[in-house]
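Each chain gets a letter, A, B and so on, in the order the sequences are listed, and its residues count up from 1.
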2 protein chains.
Amino acid sequence: MTNSVRATLGAMPNVQARALSKRQQLVDSAQSLIYEQGVHRTTLAEVAERADVPVGNVYYYFKTKDDLVDAVLESRAAQIHETLEGFGKRRTPQARLKALAHGWVEIAETVAQFGCPLGTLSSELGKHPDDMAAPDASVFQPIVDWIETQLRELGRRDARDLAFELLARIQGGALLGQSFRDPDILVRQTRITNRWIDSLS
Amino acid sequence: MTNSVRATLGAMPNVQARALSKRQQLVDSAQSLIYEQGVHRTTLAEVAERADVPVGNVYYYFKTKDDLVDAVLESRAAQIHETLEGFGKRRTPQARLKALAHGWVEIAETVAQFGCPLGTLSSELGKHPDDMAAPDASVFQPIVDWIETQLRELGRRDARDLAFELLARIQGGALLGQSFRDPDILVRQTRITNRWIDSLS
DNA sequence: GTCTATAAGATGATAGAC
DNA sequence: GTCTATCATCTTATAGAC
């Protein structure tokens with residue numbers, strides 16, 4: 001990492017090497033609060049407080065609350081990209097797909113409390129009129145594409161449908177796990193899903 | 001049905017035979033608005049307007065907004081009960097399970113816009129602190145139980161896990177259908193699910 | 001029972017000092 | 001760049017007339 005100026009997504013102040021930039025602090029704070037409470041129940045006052053930033057100062061970094069939510073979405077997209085890239089180390093497509101599914105099992109306890117971080121966000125924003133014209137901006141788009149790639153490598157012609165099937169199993173399991181406040185539901189469904197992955201030629 | 005006084009859930013004004021009671025109008029209005037916008041983005045002013053009732057009058061029927069949301073949940077529970085009972089006409093367990101799955105396909109277009117009426121409600125309320133101590137109050141509880149009953153009739157020992165698997169497929173398909181704004185995703189996943197139902201001995 | 005008026009508080013957003 | 005003070009609006013909820 002050099003000290004030279006780097007291109008960053010959107011307007012961003014000079015990055016501090018010592019600590020997270022205040023902008024990033026605000027995005028992180030908003031991301032966790034939105035996950036725990038949802039977008040609309042989360043106020044800018046709460047976001048600012050958790051980020052240790054004065055309320056009015058939020059508007060120096062984000063023109064509106066919507067802009068802050070957009071920044072959270074970008075942050076989630078970056079995390080997804082990193083995570084998927086990390087699975088590349090696995091040797092076989094099956095191992096990579098199981099690693100993906102295991103990601104949710106690792107956070108099963110949290111999922112039982114607040115739901116899937118991606119699923120609940122997508123569900124809430126999906127009702128927003130602003131979101132109505134953004135079909136391929138889904139947080140799941142890169143994940144479905146990545147699953148489809150693995151399945152094609154397995155020689156499956158129906159890779160697209162199977163990709164949706166795999167993600168639907170995970171998301172459905174996460175939703176029911178949250179609804180029943182039982183992490184075991186997600187764990188057991190993932191076990192079933194793993195057997196299903198093995199059954200794919 | 002007699003004219004005698006009947007026990008009803010909660011305080012309820014005299015039921016008018018000619019038209020829906022104002023209370024019911026408010027519940028219906030709240031239910032549709034909550035489905036379209038979510039609980040927290042829906043204001044009492046909107047609910048009152050759609051129900052053609054003055055804003056302040058809402059508080060005659062419901063002490064707080066939470067009480068109105070509770071009434072919506074009760075209404076949903078009643079709808080679920082009715083719907084499941086309607087499937088009883090089908091001869092075989094498989095036919096009954098397919099009828100259940102078909103229920104979502106019938107509203108696939110709406111699901112692509114606003115998500116599953118039950119799934120999105122559960123997802124949003126699941127983040128609510130008030131809901132934290134209500135594991136078996138899930139809107140999905142009666143549905144899972146009903147599916148389990150059908151599967152037991154098929155002689156399946158693993159009926160509980162399979163019940164969650166079936167509902168997870170549907171809910172996952174609905175969530176992805178909404179996320180991608182594509183009803184076809186839910187339709188295709190249901191097709192796969194129907195074959196899966198047939199494969200159950 | 002039904003409605004109007006309004007209180008009380010929260011929230012997104014702005015102006016301007018430092 | 002950072003912070004304080006504050007506005008304007010929205011939203012839940014109440015009081016009280018009819």
Minimum-distance nucleotide (side-chain atoms of A:Y60 versus C:dG1, D:dT12, D:dG1): D:dG1
Separation of B:E165 CD from B:D161 CG (nearest 0.5 Å): 8.5 Å
A:F62 CZ - C:dG12 P separation (whole Å): 15 Å
Could you go through residues 98-111 of chain B and list every donor-acceptor pair under 3.5 Å that involves a side-chain atom there, pairing it with any protein atom two or more places apart or in another chain?
{"from": "B:K98", "atom 1": "NZ", "to": "B:D198", "atom 2": "OD1", "distance (Å)": "2.8"}
{"from": "B:K98", "atom 1": "NZ", "to": "B:D198", "atom 2": "OD2", "distance (Å)": "3.1"}

Residue pair B:T120, A:S123: steps toward the side-chain hydrogen bond (donor to acceptor under 3.5 Å, both in side chains) verdict: CA-CA 6 Å; B:T120 56; A:S123 174; 5.3 Å; no
Heavy-atom side-chain contact between B:Q150 and B:R96 under 4.5 Å: yes
Nearest heavy atoms of B:I170 and B:L186, plus distance in Å: O-CD1, 4.0 Å
Options D:dT2, D:dA13, C:dA13, nucleotide nearest the side-chain atoms of A:K22: D:dT2
A:L151 side chain near A:L166 side chain, heavy-atom distance below 4.5 Å: no
Sorted by number, the residues of residues 28-54 of chain A with heavy-atom contact under 4.0 Å to DNA chain C: A:T42, A:T43, A:L44
Can you check nucleotides 14-18 of chain C for protein contacts, nitrogen or oxygen pairs under 3.5 Å, and list what you find?
none

Worked check of side-chain hydrogen bond (donor to acceptor under 3.5 Å, both in side chains) between A:Q37 and B:H128: CA-CA 7 Å; A:Q37 306 184 329; B:H128 222 94; over 6 Å; no
Verdict with supporting geometry, A:L175 and B:L175, side-chain contact (heavy atoms from CB on, under 4.5 Å): CA-CA 9 Å; A:L175 181 66; B:L175 181 67; over 6 Å; no
